[in-house]
Participant: 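Structure in structure tokens, see below.
The residues of the chain are indexed from 1 along the displayed sequence. Whatever order the structure lists ligands and atoms in, that order sets their numbers, starting from 1.
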Amino acid sequence: MRMILVGPPGVGKGTQAALLEQRTGAKPLSSGVIFRSEIEAETDLGQLAKSYIDRGELVPNGITIQMMVKRLRAPEIRAKGFVLDGFPRTVRQAEALDEELAKEDIRLHRVASLEVSDEVVVARLGGRIGCTKCGEIYHQVTKPPKREGLCDKCNSPLFVRKDDQPETIRERLRVFHEQTAPVVDYYEASGLLKRINGDQPTETVYSEIVAGLTG
Ligand code: AP5
Ligand code: MG
């Protein structure tokens, strides 16, 4: 399976990508997760990306496209398929992805646009906590870990993302409406788009994504 999850910050892209991997085997490729691991490893790319991410801005297209194309060419991704999360996020990135897939003769099955209001985003990101090691995603109110501050799956400490501060969340939303909303129109025009109400329980959203793959 080869698909894209597009949607605003906090809509549940990472949550759904993890479920899709567990249940279908398709590998999640999240540009945000990759950038954060580069920051953690203190690479040159990480340092550059950090200056944008901390402000809620997009990392420049050239750097992002090069990074994602390299990941898409990995043998495991070729073999198992992919769930792109957070990429493409500009029309230029979507065009670059099309060029790459056409070059390799790979067909995209679906683009799921997860949709929620800005108010829901603010409530979700205000309570998000994530695992420092395995990346499992929790929420203080709607999905709390069994033991406070520790991951249910791997026992590692949980953390709050630096870009989950109210001011940065507002900027990320502004950037989404300005630069990523046109990506939804781009895929609507190509006939690959399926719109899904992201303001429903996680399992309902999941079922609608899976139904959209065939319908
Ligand atoms: P990225 O890491 O992609 O962040 P984002 O798009 O802002 O999305 P989030 O990861 O915040 O939210 P999500 O949709 O994954 O939601 P989640 O599942 O965690 O990007 C970060 C930054 O990197 C960008 O701002 C940019 O600077 C840079 N970047 C990344 N990609 C780029 C690109 N292509 N080009 C340029 N720059 C790029 O869920 C959120 C919370 O809600 C959790 O607490 C979860 O438990 C809860 N939740 C999830 N689903 C539900 C539900 N159905 N009901 C109730 N609660 C739910
Ligand atoms: Mg995410």
Side-chain angles (χ1 to χ4, degrees), residues 4-21 28-39 45-46 48-69 71-72 83-94 96-97 112-131 135-145 151-152 158-165 168-181 183 196-209:
I4 298 173
L5 296 175
V6 66
V11 74
K13 302 182 295 295
T15 301
Q16 295 297 333
L19 285 179
L20 284 156
E21 180 183 27
L29 272 181
S30 160
S31 39
V33 168
I34 298 168
F35 281 135
R36 283 188 289 281
S37 67
E38 295 282 338
I39 293 171
L45 171 61
L48 180 73
K50 186 174 176 357
S51 59
Y52 295 94
I53 292 173
D54 285 353
R55 282 183 281 129
E57 307 294 333
L58 295 188
V59 179
N61 280 331
I63 297 164
T64 306
I65 291 167
Q66 199 185 18
M67 176 180 89
M68 294 306 286
V69 163
R71 296 295 202 289
L72 279 162
V83 181
L84 282 168
D85 154 8
F87 178 87
R89 228 176 171 99
T90 62
V91 170
R92 177 65 205 109
Q93 291 179 15
L97 176 65
S113 167
L114 307 184
E115 306 186 346
V116 289
S117 67
D118 289 3
E119 292 71 37
V120 171
V121 166
V122 171
R124 286 193 186 171
L125 294 186
R128 175 167 61 184
I129 29 182
C131 179
E136 182 72 7
I137 302 163
Y138 299 89
H139 190 278
Q140 272 151 2
V141 178
T142 57
K143 195 189 167 195
C151 180
D152 295 350
L158 302 178
F159 80 115
V160 174
R161 264 169 56 177
K162 204 176 166 204
D163 59 348
D164 279 351
Q165 305 303 322
T168 322
I169 294 170
R170 272 195 295 279
E171 179 59 11
R172 285 159 64 199
L173 274 168
R174 190 193 65 74
V175 169
F176 171 80
H177 291 300
E178 185 185 284
Q179 301 196 50
T180 309
V183 173
I196 291 167
N197 174 9
D199 192 10
Q200 308 184 82
T202 299
E203 286 297 335
T204 312
V205 175
Y206 179 81
S207 305
E208 292 192 8
I209 292 172

Participant: Between the side chain of Arg89 and the main-chain N/O of Gln179, is any donor-acceptor distance below 3.5 Å?
Facilitator: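 Not confirmed, Arg89 side chain does not pair with Gln179 backbone.
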Participant: Could you tell me whether ligand 1 has any atom less than 4.0 Å away from a heavy atom of Arg161?
Facilitator: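 Per 4.0 Å heavy-atom rule, Arg161 contacts ligand 1.
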Participant: Using a strict 4.0 Å cut-off to heavy atoms of Gly14, name the atoms of ligand 1 that fall inside it.
Facilitator: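 The atoms of ligand 1 under 4.0 Å from a heavy atom of Gly14 are 13 (P), 15 (O), 18 (O).
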Participant: Could you check whether Arg55 makes a cation-pi contact with Tyr52, meaning its NZ or CZ is under 6.0 Å from the centre of the six-membered ring and within 45° of the ring axis?
Facilitator: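 That pair qualifies as a cation-pi contact.
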Participant: How far is atom 19 (O) of ligand 1 from its nearest protein heavy atom, and which residue and atom is that?
Facilitator: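 Looking only at protein heavy atoms, the one closest to atom 19 (O) of ligand 1 is Arg128 NH1, 2.7 Å.
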Participant: Heavy atoms only: which of Arg124, Lys50, Lys143, Glu57 is nearest to atom 48 (N) of ligand 1?
Facilitator: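 Heavy atom nearest to atom 48 (N) of ligand 1 belongs to Arg124.
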Participant: Taking 4.0 angstrom as the limit and counting only heavy atoms of Gln93, give me the atoms of ligand 1 inside it, by number and element.
Facilitator: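 Once the distances to Gln93 are compared, the set is 33 (C), 34 (N), 35 (N), 36 (C).
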Participant: Can you tell me the protein heavy atom closest to atom 37 (N) of ligand 1 and the distance?
Facilitator: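 Atom 37 (N) of ligand 1 sits closest to the protein heavy atom Val59 N, 3.0 Å.
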Participant: Out of all atoms in ligand 1, which are within 4.0 Å of some heavy atom of Thr64? Include the element for each.
Facilitator: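 With Thr64 as reference, the close atoms of ligand 1 come out as 33 (C), 34 (N), 35 (N), 36 (C).
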Participant: Which residue owns the protein heavy atom closest to atom 49 (C) of ligand 1, what's the atom, and how far is it?
Facilitator: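 The protein heavy atom lying closest is Thr15 OG1, 3.5 Å.
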Participant: May I ask you to list the atoms of ligand 1 that are less than 4.0 angstrom from any heavy atom of Thr202?
Facilitator: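 Per the distance check, 50 (N), 51 (C), 52 (C), 53 (N).
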Participant: In the protein, what heavy atom is nearest to atom 31 (N) of ligand 1, and what distance, to one decimal place, separates them?
Facilitator: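 Here the closest protein heavy atom is Ser31 OG, 2.7 Å.
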Participant: Please name all residues satisfying side-chain contact (heavy atoms from CB on, under 4.5 Å) with Arg161, sequence neighbours left out, ordered by chain then number.
Facilitator: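 Residues passing side-chain contact (heavy atoms from CB on, under 4.5 Å) with Arg161: Arg36, Arg128, Phe159, Asp163, Asp164, Arg172.
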Participant: Measuring from the heavy atoms of Gly10, does anything fall under 4.0 Å of ligand 1?
Facilitator: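 The answer is yes, since Gly10 has a heavy atom less than 4.0 Å from ligand 1.
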Participant: Nearest protein heavy-atom contact for atom 8 (O) of ligand 1: which residue, which atom, what distance?
Facilitator: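 Closest protein heavy atom to atom 8 (O) of ligand 1: Lys13 NZ, 3.1 Å.
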Participant: Measure the distance from atom 43 (C) of ligand 1 to every protein heavy atom, then report the residue, atom name and distance (to 0.1 Å) of the closest one.
Facilitator: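 Heavy-atom neighbour on the protein nearest atom 43 (C) of ligand 1: Ile137 CG2, 3.5 Å.
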Participant: Minimum heavy-atom separation for Ile39 to Gly46, with atom names?
Facilitator: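 So the two residues come closest at CG1-O, 3.3 Å.
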Participant: Tell me which one of Gln200, Arg172, Arg89 gets a heavy atom nearest to atom 6 (O) of ligand 1.
Facilitator: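 Ranked by closest heavy atom to atom 6 (O) of ligand 1, first place is Arg89.
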Participant: Which residue owns the protein heavy atom closest to atom 38 (C) of ligand 1, what's the atom, and how far is it?
Facilitator: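 Protein heavy atom at minimum distance: Phe35 CE1, 3.7 Å.
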Participant: What are the two closest non-hydrogen atoms of Lys13 and Leu5, and how far apart are they?
Facilitator: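 Of all heavy-atom pairs spanning Lys13 and Leu5, the closest is O-CD1, 3.4 Å.
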Participant: Compare Ile53, Asp199, Asn61 and give the one whose heavy atom is closest to atom 22 (C) of ligand 1.
Facilitator: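 Closest candidate by heavy-atom distance is Ile53.
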Participant: For ligand 1, which atoms have a heavy atom of Tyr138 less than 4.0 angstrom away?
Facilitator: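 Selected atoms, number and element: 43 (C), 44 (O), 46 (O).
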Participant: If we only consider heavy atoms of Arg36, is any one of them less than 4.0 Å away from an atom in ligand 1?
Facilitator: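 In this structure, Arg36 qualifies as a contact of ligand 1 - some heavy atom is under 4.0 Å.
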Participant: Distance under 4.0 Å to a non-hydrogen atom of Gly12: what atoms of ligand 1 satisfy this?
Facilitator: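 Contacts of ligand 1 toward Gly12, numbered from 1: 13 (P), 14 (O), 16 (O), 17 (P), 18 (O), 39 (O), 49 (C), 50 (N).
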Participant: Can you tell if the side chain of Thr202 reaches within under 4.5 Å of the side chain of Lys143, non-hydrogen atoms only?
Facilitator: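 Sidechains of Lys143 and Thr202: no contact.
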